Amino acid sequence: MNFNGKNILIVGGSSGIGLALVKQLVKDGANIINLSRTSSAEWPDGVKHIEMDVLGDLSSLAAQLPEQLHGLVYAAGSINLKPFTRLTADDFLNDYSINVLGAVTVIQQAHKALRASGAASVVLYSTVATKVGLSFHTSVAAAKSAVNGLTLALAAEFSTQNIRVNAVAPSLTDTPLAGSLLSTDDKREASNKRHPLGRYGQPDDIASATKFLLSDESSWMTGQIISVDGGMSTIK
């Protein structure tokens, strides 16, 4: 896929899926602007870093973006797994703030630059837990279900502006956020067995799907929640 001359904003590109996406896009010629609290020593040359926290003040973001943005990926997220009776209101509010309100604010700040490109793509992240009931996932499933609704509503509203909005819904993926879920051989083997394709996800699996949704090859796709989950959401 050719991303030469395209400006892509990635939120959360310093680790995990976001980092894998940065590497893939730079290899394909994209100009990457990353927003996160920390940078990464693994970034290729040329990545522009904007040091911000998605839960903080983002009001200056628009002024730091290029005149045109061809893509935006909101890869910030949370994995807060607890029994329902141990979840507090703050747990729900924090997950909603990271996964939904952070995305809303970034998209509002980036909207002018996205529209100026003439053809832009926004990619958000959902989860398999919005389609499959999973124990201890109440808070994150609720927040990511809101991401699904946000995806559809923005896709409708932005369609006349030629801004596409889609989401990728992964299952368990080997990232720092999921470290405690894959911390032993037994846990990794159990996770493999839960997926019809016999393995849990790797960051490049999700990054590749994201890159497709950013590319011209998906130019007739919007308002879609794409499951990239080893078959977990549809196969027994």
Side-chain angles (χ1 to χ4, degrees), residues 1-13 17-18 20-22 24-25 28-35 54 61-62 65-77 96 98-131 141-171 173 201 204-229 233-234:
M1 298 177 191
N2 186 354
F3 286 87
N4 288 333
K6 292 193 174 183
N7 301 321
I8 311 292
L9 172 64
I10 299 178
V11 180
I17 294 166
L21 181 61
V22 168
Q24 288 192 20
L25 288 172
D28 286 341
N31 304 314
I32 300 298
I33 305 99
N34 174 79
L35 185 157
V54 295
L61 176 58
L65 297 175
E67 185 176 325
Q68 295 185 357
L69 272 180
H70 303 88
L72 187 163
V73 179
Y74 188 84
Y96 189 86
I98 293 172
N99 291 283
V100 185
L101 294 183
V104 167
T105 306
V106 169
I107 294 168
Q108 287 177 335
Q109 286 287 309
H111 178 254
K112 182 178 179 181
L114 290 166
R115 189 168 184 175
S117 73
S121 173
V122 175
V123 182
L124 306 178
Y125 286 113
S126 181
T127 173
V128 67
T130 66
K131 293 181 68 175
K144 292 297 193 181
S145 293
V147 170
N148 290 357
L150 178 66
T151 300
L152 298 180
L154 286 181
E157 186 167 340
F158 289 173
S159 61
T160 58
Q161 303 167 30
N162 209 18
I163 300 172
R164 301 182 294 111
V165 186
N166 296 287
V168 176
S171 183
T173 305
D204 277 327
D205 295 321
I206 314 307
S208 293
T210 305
K211 186 172 72 169
F212 171 71
L213 290 173
L214 290 171
S215 74
D216 293 339
E217 281 82 348
S218 63
S219 61
W220 207 44
M221 293 178 65
T222 195
Q224 303 302 308
I225 315 295
I226 308 297
S227 295
V228 185
D229 57 18
S233 62
T234 53

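The basis for the numbers below is simple: all heavy atoms, side chains too, and nothing from hydrogens, waters or symmetry mates. None of the values given here were measured: they were computed from a predicted structure.
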Apply side-chain contact (heavy atoms from CB on, under 4.5 Å) to residues Tyr74 and Val147 and explain how you reach the verdict. CA-CA 11 Å; Tyr74 188 84; Val147 170; over 6 Å; no

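- Partners of Tyr125 under the side chain to side chain donor-acceptor pair (under 3.5 Å) rule, at least two apart in sequence or in another chain, are Thr210.
- Closest heavy-atom contact between Asn166 and Gln224: OD1-N, 3.0 Å.
- Between the Asn99 side chain and the Lys144 main chain, no donor and acceptor come within less than 3.5 Å of each other.
- With rounding to the nearest 0.5 angstrom, the CG atom of Leu124 is 6.0 Å from the CG atom of Leu150.
- The two atoms that bring Ala129 and Ala141 nearest to each other are O-CB, 3.7 Å, heavy atoms only.
- Looking at heavy atoms from C-beta onward, Leu69 lies in side-chain contact with Ile33 at the 4.5 angstrom threshold.
- Ile8 approaches Ala30 most closely through the heavy-atom pair CG1-CB, 4.1 Å.
- Here Leu114 contributes atom CG and Leu72 contributes atom CG; the two are 5.5 Å apart, rounded to the nearest 0.5 Å.
- Taking Ser121 as the reference, Val123, Arg164, Leu214 meet the side chain to side chain contact (heavy atoms under 4.5 Å, CB included) condition, with sequence neighbours excluded.
- Judged as a salt bridge (Lys or Arg N to Asp or Glu O under 4.0 Å), and not counting sequence neighbours, the contacts of Asp28 are Lys211.
- The salt bridge (Lys or Arg N to Asp or Glu O under 4.0 Å) search around Lys6 returns Asp216, not counting sequence neighbours.
- When all heavy atoms of Ile98 and Ala76 are compared, the closest pair comes out as CG2-C, 4.3 Å.
- For the atom pair CG (Leu65) and NE2 (His111), the distance works out to 13.0 Å, reported to the nearest 0.5 Å.
- One finds the CD1 atom of Ile225 at 4.5 Å from the OG1 atom of Thr151 (value rounded to the nearest 0.5 Å).
- Applying the side chain to side chain donor-acceptor pair (under 3.5 Å) rule to Thr130 yields the partners Asn148; only residues at least two apart in sequence or on another chain are considered.
- Of the possible donor and acceptor atoms, one in the side chain of Thr222 sits under 3.5 Å from a partner among the backbone N and O of Val165.
- Taking each heavy atom of Ala110 and Leu9 in turn, the nearest pair found is CB-CD2, 4.5 Å.
- Under the rule for a side chain to side chain contact (heavy atoms under 4.5 Å, CB included), the partners of Ser117 that lie at least two apart in sequence or sit in another chain are Gln68, His70, Ala120.
- Remark: Ser215 pairs with Met1, Phe3, Phe212, Glu217, Ser218 by the side chain to side chain contact (heavy atoms under 4.5 Å, CB included) rule, at least two apart or across chains.
- Closest approach of Glu157 to Thr160, counting heavy atoms only: O-OG1, 3.9 Å.
- Contacts of Ser233 classified as side chain to side chain donor-acceptor pair (under 3.5 Å), with partners at least two apart in sequence or in another chain: Asp229.
- Within the structure, side chain to side chain donor-acceptor pair (under 3.5 Å) pairs that include any residue of residues 100-110 do not occur (at least two apart or interchain).
- Within the model, atoms OG of Ser219 and CG of Leu213 stand 11.5 Å from one another, a figure rounded to the nearest 0.5 Å.
- With sequence neighbours excluded, the residues satisfying side chain to side chain contact (heavy atoms under 4.5 Å, CB included) with Tyr96 are Val100, Leu101, Ala146.
- With hydrogens and angles ignored, the 3.5 Å screen pairs a side-chain donor or acceptor of Asn34 with a backbone N or O of Gly13.
- The distance from atom OG of Ser171 to atom CD1 of Ile206, rounded to the nearest 0.5 Å, is 8.5 Å.
- Considering only residues two or more places apart in sequence or on other chains, Asn7 meets the side chain to side chain donor-acceptor pair (under 3.5 Å) condition with Asn31.
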